[in-house]
Amino acid sequence: MLAYGREFLHQDIDSAMTCGTIALANGRSLKDTLIIGESHMLLAFCHEAKANYKAALQNFMIATDLFKRSRNKIKLAQCYTGMGIVYWYQGFYDKAIEYYKKNISICAEQKDESGMATGYGNIAIIFDERGELDNALLYYNKALVIFEKEKQAMHTAACLDNMSLVYKQKKEFKSALDLNTRSYKLRESIGDTLGMLASMENLGSIFIALKKYDDAIAISDRVVSIAIRLGAKEDLKYAYLNLKEAYEAKKDYLSANRVLNKLMDIKDSLRNADNANQIAELEAKFKNKEKEVELTEIKLTQELREIENAERLKKKNYSIIILSIVGVFILLLAVLLLKRFKEKKQVAEEFSEKNKAIELQKTIIDTAYHELSEKNKDITDSIKYAKRIQEAIFPSVAYFSKLLPQAFSYFKPKDIVSGDFYWVDEGLDGSILVAVVDCTGHGVPGAFMSIVGFNLLNKAIHENKCDDPADILNQVNIDLNETLKQTLEESAVKDGMEISLCKWNKEKNELLFAGANTIIYHINNDRINIIKGNKHPIGSFYGETLKPFQTTKIIINPGDCVYLFSDGYADQFGGEKGKKYKYKQLEEFLLLNSTKPIHEQEHLLNTEFERWRGNLEQVDDVCVIGIKF
């Protein structure tokens, strides 16, 4: 069944998974460790192909444990390669390289050139993705020489295909097309359906680079239909990417948007925070399992040594008895005593040398610890000083209370400095402007962005004379693009911010709102209204045309409440199951307490947040503003 499963793996994933399941049941009934381990490894590769990364990693870990116990290093190396690929798909490149190097180390020890070549090829892929094209070609060529020598057709085809993409990036299109054609024909000759899909995807991207958009669309549509039938989500994702780029290049934005929606759905299922958290948890369990195995082996070695020592002592005792019988007991005893004396002397000298080495190491560690403590103190002091600068720049509590006496600002940074901040100012017509801003990141990087955002808001009001919320956000968007040079250049900064901005006209009892990828809550007559802004942030674009923002008008009645907030409160993990708080629970909490005095609401928000968080770490900066009219 295992042989059938390996054959189906590159043609029909579901059939391969069925073979793996049957083989696992047979292995368990026979109590055959090798069959059980290989069955888990086959199932892991099936789940990997279907983008079920948690299940793939679980099966790889079980197989790894079995192969370690049976000392089957060749299979262990294959597991390490599979685990590296899972981490690569999820974007954990350093972790992927760690497991690829484990594979290469074992294969070098076992003189397994094919396994070493697989490791070289996988490392080359990561160099390719990092833009280190010459290093990528170096490792691909190392792998290709071995694959061709060993007549590994499937691996040779994959290597040729990957090299074609590197030449595409170097704009050497003839070489790219030649390598891609060789790869496809080789895969077709061995019936490698999934490999043929990969070659077709890469050919689509080469057509796009050559501006042959219709050819790219045709080949990508073929990939989509086959990938959907096979359940190959990663191939489906890359086909959608090619279709999106081709339609955009043809200015067929309706088709591009349709493909983009499908691409976002498939990306969410492939790589999300839950997958990352689950894989990190599995990795921690795997490391603990490795330590347990290591400790068990150490304990077993110690027990064997104790048995050997006991046997040696027995033999010595028998010798003494025999020698005593023949009358040389006294001479033997003298020799034995002399020998023991020399051993004790030698042990004493060795202990003395070890004590000196330990003292020297202790001195080195103490010195390093002192230096590290001093550096840590300097860094912490610098960040604390940055916090004072940030507090001096942003609106004071007194100024906030002066402009909005019936309002609160619940502000809780994750670190010493914050990427979230609130902003308040007077408009050109005497109205009140108030905003909650969530910049990319938190801590020191977020703090830098927050100062940029604060200055751009002030510039839009006081220098550019913007008065409407949408006009203010549009101006900030333009200025941020120029400030951070958000283009396709290699040096461009790909950061931005999400903003909820309101303008309150007291005389008209009117509230104008514009949002950059945010919402606000308006509570009126025990009902909560969700007011949505535009579904795009300020910044975080790549050479595209800036998208405009629109203003929404809200009629305000006495007793109404409006709440502006960043995503830190709703995204906090906690509760009995360690899950996110979520926006639905935040809506219910605010609605329940909206009739209470505004400053009591701030206290209740803090109490609820700490209750939910419990002993878990705060995951992001938190900023909530509540206004009672």
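- In summary, Arg130 and Asp94 engage in a salt bridge, as defined by a charged side-chain N under 4.0 Å from a carboxylate O.
- Under a 3.5 Å cut-off, the side chain of Ser183 and the backbone N or O of Leu179 do not form any donor-acceptor pair.
- Residues passing the side chain to side chain contact (heavy atoms under 4.5 Å, CB included) test with Leu34 are Asp32, Glu38, Phe67, Asn72, sequence neighbours excluded.
- Scanning both residues, Ser114 and Ile146, for their nearest heavy atoms gives N-CG2, 4.0 Å.
- No donor-acceptor pair closer than 3.5 Å links the side chain of Arg187 to the backbone N or O of Asp192.
- Taking the salt bridge (Lys or Arg N to Asp or Glu O under 4.0 Å) definition, one finds that Lys73 meets it with Glu109, sequence neighbours left out.
- Heavy-atom minimum distance, Ala143 versus Tyr120: CB-CB, 4.0 Å.
- Residues Thr33 and Arg69 form no side-chain contact, since every pair of their non-hydrogen atoms from C-beta on lies 4.5 Å or further apart.
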Intermediate values then yes/no, side-chain contact (heavy atoms from CB on, under 4.5 Å), Lys237 and Lys233: CA-CA 6 Å; Lys237 178 188 75 175; Lys233 292 186 179 180; over 6 Å; no
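- A heavy-atom distance below 4.5 Å is not found between the side chains of Thr118 and Ile104.
- Screening residues 140-166 for ring-ring contact (aromatic ring centres under 6.0 Å, His included), with sequence neighbours left out, gives Phe147-His155.
- Residues passing the salt bridge (Lys or Arg N to Asp or Glu O under 4.0 Å) test with Lys170, sequence neighbours excluded: Asp134.
- Side-chain contact between Gln618 and Arg613 is present, with at least one heavy-atom pair separated by less than 4.5 Å.
- Using modelled atom types, no side-chain atom of Ser105 and backbone atom of Lys101 make a donor-acceptor pair closer than 3.5 Å.
- Judged purely by atom type and a 3.5 angstrom limit, Ser39 uses its side chain to pair as donor or acceptor with the backbone of Leu24.
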Run the side-chain contact (heavy atoms from CB on, under 4.5 Å) test on Met163 and Asn141 for me, step by step, so that the C-alpha distance in whole Å, both residues' side-chain angles and the decisive distance to 0.1 Å come before the verdict. CA-CA 9 Å; Met163 291 173 71; Asn141 279 310; 3.3 Å; yes
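- Between the side chain of Asp621 and the main chain of Gly419, a donor-acceptor pair closer than 3.5 Å is present.
- Considering only residues two or more places apart in sequence or on other chains, Ser566 meets the side chain to side chain donor-acceptor pair (under 3.5 Å) condition with Asp420.
- Residue pairs meeting the salt bridge (charged side-chain N to carboxylate O under 4.0 Å, His left out) criterion with at least one partner in residues 139-150, sequence neighbours excluded, are Glu113-Lys149, Glu148-Arg182.
- Taking the side chain as every heavy atom from C-beta outward, Phe60 and Glu48 approach each other to under 4.5 Å.
- Gln572 contributes a side-chain N or O that, together with a main-chain N or O of Glu617, makes up a donor-acceptor pair within less than 3.5 Å.
- With values rounded to the nearest 0.5 angstrom, His40 atom NE2 is found 10.5 Å from Gln58 atom CD.
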Does the pair Glu129 and Tyr93 meet the rule for a side-chain contact (heavy atoms from CB on, under 4.5 Å), with working shown? CA-CA 10 Å; Glu129 293 194 355; Tyr93 297 134; 2.7 Å; yes
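- At least one side-chain heavy atom of Glu610 sits under 4.5 Å from a side-chain heavy atom of Lys412.
- The CG atom of Asp438 sits 10.5 Å away from atom CE of Met449, with the distance rounded to the nearest 0.5 Å.
- For the atom pair CG of Leu138 and CG of Leu133, the computed distance is 12.5 Å after rounding to the nearest 0.5 Å.
- With hydrogens and angles ignored, the 3.5 Å screen pairs no side-chain donor or acceptor of Asp161 with any backbone N or O of Ala157.
- Less than 6.0 angstrom separates the ring centroid of Tyr99 from the ring centroid of Tyr87.
- Across every non-hydrogen atom of Met41 and Ala63, the tightest pair is N-CB, 4.1 Å.
- For Arg28, the salt bridge (Lys or Arg N to Asp or Glu O under 4.0 Å) test picks out no residue, with sequence neighbours left out.
- Here Asn103 pairs with Thr81 under the side chain to side chain donor-acceptor pair (under 3.5 Å) rule; sequence neighbours left out.
- One distance of note links CD1 of Ile123 with CD1 of Ile97; it measures 6.5 Å at 0.5 Å rounding.
- Using a 4.5 Å cut-off on side-chain heavy atoms (C-beta onward), Gln169 and Asp128 make contact.
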Step by step, would you call Tyr139 with Phe127 a ring-ring contact (aromatic ring centres under 6.0 Å, His included)? CA-CA 9 Å; Tyr139 274 89; Phe127 277 128; 5.5 Å; yes
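- Residues passing the salt bridge (Lys or Arg N to Asp or Glu O under 4.0 Å) test with Glu132: none are found, sequence neighbours excluded.
- The OH atom of Tyr410 sits 3.5 Å away from atom CG of Asn606, with the distance rounded to the nearest 0.5 Å.
- Scanning for ring pair (Phe, Tyr, Trp, His ring centres under 6.0 Å) contacts around Phe394 gives Phe421, Phe454, with sequence neighbours left out.
- Contact between Ile190 and Ala153 at its shortest, heavy atoms only, is CG2-CB, 4.0 Å.
- The closest side-chain heavy-atom distance from Trp88 to Asn122 is not below 4.5 Å.
- Among residues two or more places apart in sequence or in another chain, the ring pair (Phe, Tyr, Trp, His ring centres under 6.0 Å) test is passed with Tyr581 by Tyr569, Trp612.
- Applying the side chain to side chain contact (heavy atoms under 4.5 Å, CB included) criterion to Lys582, with sequence neighbours excluded, gives Lys580.
- You'll find the side chain of Met61 reaches within 4.5 Å of the side chain of Met83, heavy atoms only.
- The minimum heavy-atom distance linking Cys79 with Thr64 is given by the pair CB-OG1, 3.5 Å.
- The shortest non-hydrogen separation linking Leu42 to Gly20 is CD2-CA, 3.7 Å.
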